[in-house]
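Step one of this worksheet: look at the structure below.
Labels below follow one simple rule: chain letters A, B, ... track the order of the sequence lines, proteins then strands, and each chain is numbered from 1. This one's a predicted model, so the numbers in the text were calculated from it and none came from an experiment.
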Number of protein chains: 2
Amino acid sequence: MEVDKPAPRRRTRRRTPGPVRVSARDVARHAGVSVATVSRVLNASGPVAEKVRRQVVAAVDALGYTPNAAARALVRSRSETIGAVVPTLENASFAIAVEALQARLRTAGYTLLLASSGYDNANELTQVRTLLTHGVEGVVVVGGSRHVDIERLCAARGVPLVQTWTLRTDTPSVGFDNRAVGRQLADLLLDLGHRHIGVIAGFTRGNDRAAARVAGIAEALAARGLKLAREHLIERPYRIAEGQIGLRALLASEPRPTAVICGNDLLAFGALLEARKRGIDVPGELSIAGIDDLEFAAELDPPLTTIRVPAAEIGRRSAEYLIDRLEGRTVATVTEVATSLIVRGSTAPVPNPPGPNQGDDQ
Amino acid sequence: MEVDKPAPRRRTRRRTPGPVRVSARDVARHAGVSVATVSRVLNASGPVAEKVRRQVVAAVDALGYTPNAAARALVRSRSETIGAVVPTLENASFAIAVEALQARLRTAGYTLLLASSGYDNANELTQVRTLLTHGVEGVVVVGGSRHVDIERLCAARGVPLVQTWTLRTDTPSVGFDNRAVGRQLADLLLDLGHRHIGVIAGFTRGNDRAAARVAGIAEALAARGLKLAREHLIERPYRIAEGQIGLRALLASEPRPTAVICGNDLLAFGALLEARKRGIDVPGELSIAGIDDLEFAAELDPPLTTIRVPAAEIGRRSAEYLIDRLEGRTVATVTEVATSLIVRGSTAPVPNPPGPNQGDDQ
DNA sequence: TTGTAAGCGTTATCAA
DNA sequence: TTGATAACGCTTACAA
């Protein structure tokens, strides 16, 4: 009983200009089997006679066939990609973390889609949206997202999101307590007798890490009845030259700080340079500390006191969190990585230790 | 006249566990239109009544719809992604270039798929293969690929490939003449009277940039009747600490070099540190030069003589080459970026200028 | 101006 | 052990 169902004629589509695309159908034809069998061979997803298997394999490399990820992603709704958005790759810490992230991801078969926000939160949201459109199965961002939308967007799609460089209790994160880091550095200096402590921080607005570090410093000061004066808090972009600018501002402030905590090692490097340029002895007259412990920190003159932040570990652990979740394993939501205070030559006791009754002069 | 064609019942597929996926069909249903209209609205690809357009837009954000890139890529055979493979992101130059590459790509609507090879050529090939499987429309790699396979693979798919940090005549590239850079540094030192020049290079095997730099140095020496002695060529990984090791080796060689050219600024930094540690005056007793002009180069003590390499420009130009080609514009195949010799305080005339008739002692 | 439906290249179900 | 074939979600002729 024939019906008038039209013959399944393939409609002609815009021909790809240039090289021929070879699909599983071509392989199947070449090997004299069906596409189903080709798929089975390629994914080892079903029984295939050894002889047939060999024919298919032969056809595959005779034709130089590579499966089309888009088609596969479509049918399996799995892209095998992970997205990451960092503030900038120009900061060595993030570059190192991304390197480790990618390396670990790769071992699990994932490819990394990378974007950077330039420390711009609106931009970050856009980037996450793009990544999501591209079907990433997981997302890693730096910091607690100011944009709740980011979390919402990911949650709506069931895409796991990890926040790094920060520690949250409510959402998945891999990082450390930035506030504690600030406190630790301030305590070190306070214990050395410093009472006038200046801060050259990164921009705190829209940057929870930078803000937390400053908050930690203020907290430690407060614990000793001191407070962080407005003119002792300078915010600058994270660059060497900005550290120089920052120190200049601090040196002009009243009372002049005897110690400076910098938001990261780049700023600290700059501060060190500026001090040297002005003939200010570090740490004799002025103590300087940074955060990150970049490769050069130990090699400066004097070597920089800083807090070591395990950037590679943050990258690797973020990857592992995502991999575990995607493979259905149970995972700790929050991973704290260990930072450590590294005291080197750039910090020393305050020059002329003030008497017992001060603290009201700042 | 009814025929017994079975009703087009949708087969039940594995339900995505968790959040509902919203597709264009859902949007269409919600807006009371067809999927075709939804597509038209989203891509502005056809006439749509203003009123209908608004309904669709409303439905889109009522449902929080995001198009599925895999499906789109499949039907249009365009992934809107570009792949890049760098040796490592831990080298600031590459990090900066990737940052610029991504930024430029983004403005043209492309997303970056990033991989790193760890300076391993076999690995690099694997990574390129993965990127290709993911359907990238263009590929950027660092250096002239030792693996002809990479070029072949890309060519077979009609995917443009750019080689960076190098200059080729036969294939698309964005970079500079590494040999000339080596020559330039050697000439500078030679002109200062140095006759015993040591080299701390990166590993030259499988790294055409490093090899070309060394070749350029040897060439400049040869032009003055000198040659680069085996014991004056040390190859080390690109890290500060390795520069220290390199200088130690060089100082033990006979005759002891009065000048050292380093494969990059990291190695030069290390050499500088080692010299200081040993009480060797730079540039009084020993001249040191690097390549890259990283942010810290000008800030070292003494400031480092180096060759400035415009990493960000390399990244940006690579992106532009790819974008232009993919949009069908005609493009220059080879783009040379300008490097420049920056003479700072780490190089000076040879201590005890030898008499007119030497040159046979090396 | 809109809708219908073919197909993009896979995977996976089902029947053979 | 294999082959048909229905989706996957989208774009785009083509028809209405």
Side-chain angles (χ1 to χ4, degrees), chain A residues 5-16 20-29 31-56 60 63 65-80 133-135 157, chain B residues 5-16 20-29 31-56 60 63 65-80 133-135 157:
Chain A
K5 190 167 136 200
R9 135 191 86 84
R10 296 192 141 266
R11 217 195 316 166
T12 309
R13 270 303 187 77
R14 135 191 55 58
R15 234 15 257 101
T16 308
V20 234
R21 308 188 94 69
V22 17
S23 75
R25 243 206 343 205
D26 300 314
V27 175
R29 194 157 26 214
V33 299
S34 72
V35 287
T37 300
V38 172
S39 177
R40 274 183 214 111
V41 171
L42 263 41
N43 303 294
S45 57
V48 176
E50 178 54 23
K51 191 180 142 204
V52 175
R53 205 189 61 74
R54 267 202 296 271
Q55 285 170 39
V56 172
V60 163
L63 269 44
Y65 168 75
T66 321
N68 178 317
R72 173 178 290 175
L74 181 57
V75 65
R76 294 213 290 216
S77 48
R78 290 216 34 205
S79 66
E80 306 197 307
T133 294
H134 277 281
R157 285 167 187 65
Chain B
K5 188 167 135 197
R9 135 192 83 87
R10 294 191 146 266
R11 217 194 316 164
T12 310
R13 269 305 186 78
R14 129 195 59 57
R15 235 17 258 97
T16 307
V20 234
R21 308 187 95 69
V22 17
S23 74
R25 238 197 357 195
D26 301 314
V27 175
R29 193 156 29 211
V33 299
S34 72
V35 286
T37 299
V38 173
S39 177
R40 276 184 211 109
V41 171
L42 263 41
N43 303 293
S45 57
V48 176
E50 178 54 23
K51 190 181 146 205
V52 175
R53 204 189 61 75
R54 268 203 294 272
Q55 284 170 38
V56 172
V60 163
L63 268 44
Y65 169 74
T66 321
N68 178 317
R72 174 177 290 174
L74 181 57
V75 64
R76 294 212 289 218
S77 48
R78 290 215 35 205
S79 66
E80 305 198 309
T133 294
H134 277 280
R157 283 168 188 66

Of all the choices, D/dT2, D/dG9, C/dT10, which nucleotide is nearest to the side chain of A/Ala49 once you look at every atom? D/dT2
Atom-pair distance (CZ on A/Arg25; C1' on C/dG9), nearest Å: 9 Å
Could you go through the side chain to side chain contact (heavy atoms under 4.5 Å, CB included) check for A/Arg40 and A/Val52 one step at a time? CA-CA 11 Å; A/Arg40 274 183 214 111; A/Val52 175; over 6 Å; no
With a 4.0 Å limit, can you tell me whether B/Ser23 has a side-chain N or O closer than that to the phosphate oxygens OP1/OP2 of D/dG9? no
Is there side-chain contact between B/Val60 and B/Leu42, with at least one heavy-atom pair below 4.5 Å? yes
Kindly say if A/Thr37 contacts the phosphate of D/dG3, meaning a side-chain N or O under 4.0 Å from OP1 or OP2. yes
In whole angstrom, give the distance that lies between atom CZ of B/Arg29 and atom P of C/dG3. 14 Å
Does C/dT4 have its OP1 or OP2 closer than 4.0 Å to a side-chain nitrogen or oxygen of B/Ser34? no
Within this structure, what is the CG-to-P distance between B/Leu42 and D/dC10, rounded to whole angstrom? 9 Å
Just the rounded figure in Å: distance from P of C/dA12 to CZ of A/Arg78. 11 Å
Find the distance A/Tyr65:OH to C/dT10:C1' and express it as a whole number of Å. 7 Å
Can you tell me which nucleotide in C/dT11, D/dC10, C/dT2 comes closest to the side chain of A/Ser39? C/dT11
Take atom CD of B/Glu80 and atom P of D/dT11, then tell me their distance rounded to the nearest Å. 10 Å
Going from OG1 on A/Thr133 to CD on B/Glu80, what distance comes out if it is rounded to the nearest 0.5 angstrom? 10.0 Å
Does C/dC8 have OP1 or OP2 sitting under 4.0 Å from an N or O in the side chain of A/Asn68? no
A/Thr37 vs A/Gln55 side-chain heavy atoms within contact, under 4.5 Å: no
Closest to the B/Arg21 side chain, choosing from D/dT1, D/dG9, C/dT11: D/dG9
What heavy-atom pair brings A/Ala24 and A/Val38 nearest, and what distance separates the two atoms? O-CG2, 4.0 Å
Just to be sure I understand the rule, does B/Ala36 reach a base, reach only the sugar-phosphate, or reach nothing, if contact means heavy atoms closer than 4.0 Å? base
Expressed as a whole number of angstroms, how long is the span from A/Leu74:CG to C/dC8:C1'? 9 Å
C/dT10, D/dC10, C/dT2: which one has an atom nearest the side-chain heavy atoms of B/Val52? C/dT2
Give B/Val38 one of three labels, base, sugar-phosphate or nothing, depending on what nucleic acid heavy atoms sit under 4.0 Å from its own. nothing
Give the rounded distance in Å between these two atoms: CZ of B/Arg40 and C1' of D/dA15. 12 Å
